[in-house]
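Read through the structure below, which is laid out as structure tokens, and then see the notes.
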Amino acid sequence: MINSSETGQTRIIKKYPNRRLYDTESSTYITLADVRKLVLDNVKFQVLDAKTGEDITRSILLQIILELEGGGVPMFSSTMLEHIIRFYGNAMQGVMGTYLEKNMQAFVDIQERLADQSKSMYGARFNPDAWAQFMSIQAPVLNNAMSNYVEQSKNLFVQMQEQMQNQTQNMFGVFPFVAPQDKEKK
């Protein structure tokens, strides 16, 4: 039997009212752990509400993150989650999602390059255990590099914001608006 990952098609998982997930490809009920494995295996899938047909993939992925955050060492600090919550309903909400997505992709690309370089230098000797040991030693170096990257990103964003503000002032400067501080002087 040819499966969806071989054909490039999206695998369909249905969620029933009893909260069970049904994999239409394997014709079996699966768990959130199984869905997580699909993510780890880079299998394209979509979770649909069996009753309404609504795409609830994001909701299922958030459930997986919630479970992972509850056990072991959490990835997101309370402060970070508070910042994310504050962006909902904010004018910058749309920008924040794109910003986080692009930064996550950049991080994944860097990680893949490091892994490829390690494989080319050390070959098969550099197995997942060796990679984990290497990363634990290099964590401070990577954290420092990431901090520098974030600081550079922040500076670029501030510069972009200043440029946009200047362009807006130049564009609307031809209109006879009285600035708020000018009103107080009169």
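Atom set for the values below is all heavy atoms of this structure, side chains included, hydrogens, waters and symmetry mates excluded.
Every pair passing side-chain hydrogen bond (donor to acceptor under 3.5 Å, both in side chains) that includes a residue from residues 30-41 is listed here, sequence neighbours excluded: T31-D34, K37-D41.
Closest of all the heavy-atom pairs between F87 and Q93 is O-CB, 3.2 Å. Considering all non-hydrogen atoms of both residues, S27 and Y22 come closest at CA-OH, 3.2 Å. When all heavy atoms are compared, the tightest approach of T57 to F45 is CG2-CE1, 4.0 Å. The two residues E69 and M75 come nearest to each other via the heavy atoms OE2-N, 2.8 Å.
Linking Ile, Leu, Val, Met, Phe, Trp and Tyr whenever their side-chain heavy atoms come within less than 4.5 Å puts I64 and V47 in one cluster. A continuous path of ILVMFWY side-chain contacts below 4.5 Å connects M160 to V95, so both sit in one hydrophobic cluster. Following chains of ILVMFWY side-chain contacts shorter than 4.5 Å, one cannot reach L40 starting from V35, and the two form parts of different hydrophobic clusters. I65 and V108 fall into different hydrophobic clusters, where Ile, Leu, Val, Met, Phe, Trp and Tyr are joined by side-chain heavy atoms under 4.5 Å apart, directly or via other members.
Inter-residue side-chain proximity for N90 and R86 is flagged as unmet; no heavy-atom pair is nearer than 4.5 Å. In this structure, the side chains of K44 and T10 come closer than 4.5 Å at one or more pairs of heavy atoms. For the pair N166/Q169, a side-chain contact is recorded, criterion being any heavy-atom separation below 4.5 Å from C-beta on. E25 is not listed as a side-chain neighbour of I12, based on a closest heavy-atom distance of 4.5 Å or more.
Remark: the S26 side chain and the T28 side chain contain an N/O donor-acceptor pair separated by less than 3.5 Å. No hydrogens or angles considered: a donor-acceptor pair under 3.5 Å links the side chains of Q105 and D109.
I13 pairs with exactly one of T24, L48, L38, I60 by the side-chain contact (heavy atoms from CB on, under 4.5 Å) rule, that one being L38.
Rounding to the nearest 0.5 Å gives a distance of 5.5 Å between CD1 of I30 and CG of L21. Atom CD of E82 is separated from atom CZ of F76 by 14.0 Å, given to the nearest 0.5 angstrom. The CD1 atom of I84 lies 6.0 Å from the CG atom of L100; values are rounded to the nearest 0.5 Å. Expressed to the nearest 0.5 Å, how far NZ of K15 lies from CD of Q63 amounts to 5.0 Å. The CD atom of Q161 lies 7.0 Å from the CE atom of M92; values are rounded to the nearest 0.5 Å.
In F107, the CZ atom is not crowded: 12 or fewer heavy atoms of neighbouring residues, nucleotides or ligands sit closer than 6.0 Å. Within 6.0 Å of CD on E101 lie no more than 12 heavy atoms contributed by other residues, nucleotides or ligands. Within 6.0 Å of the CE atom in M104, the count of heavy atoms belonging to other residues, nucleotides or ligands does not exceed 12.
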task = Would you sort out whether V43 and R11 count as a side chain to side chain contact (heavy atoms under 4.5 Å, CB included), showing the intermediate values?
result = CA-CA 8 Å; V43 175; R11 190 170 184 157; 4.0 Å; yes
message = side chain to side chain contact (heavy atoms under 4.5 Å, CB included) for Q152 and L156? Distances and angles first, verdict last.
response = CA-CA 6 Å; Q152 288 175 350; L156 275 170; 5.5 Å; no
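Remark: R20 is positioned above the aromatic ring of Y29, its terminal NZ or CZ atom under 6.0 angstrom from the ring centre and at most 45 degrees off the axis.
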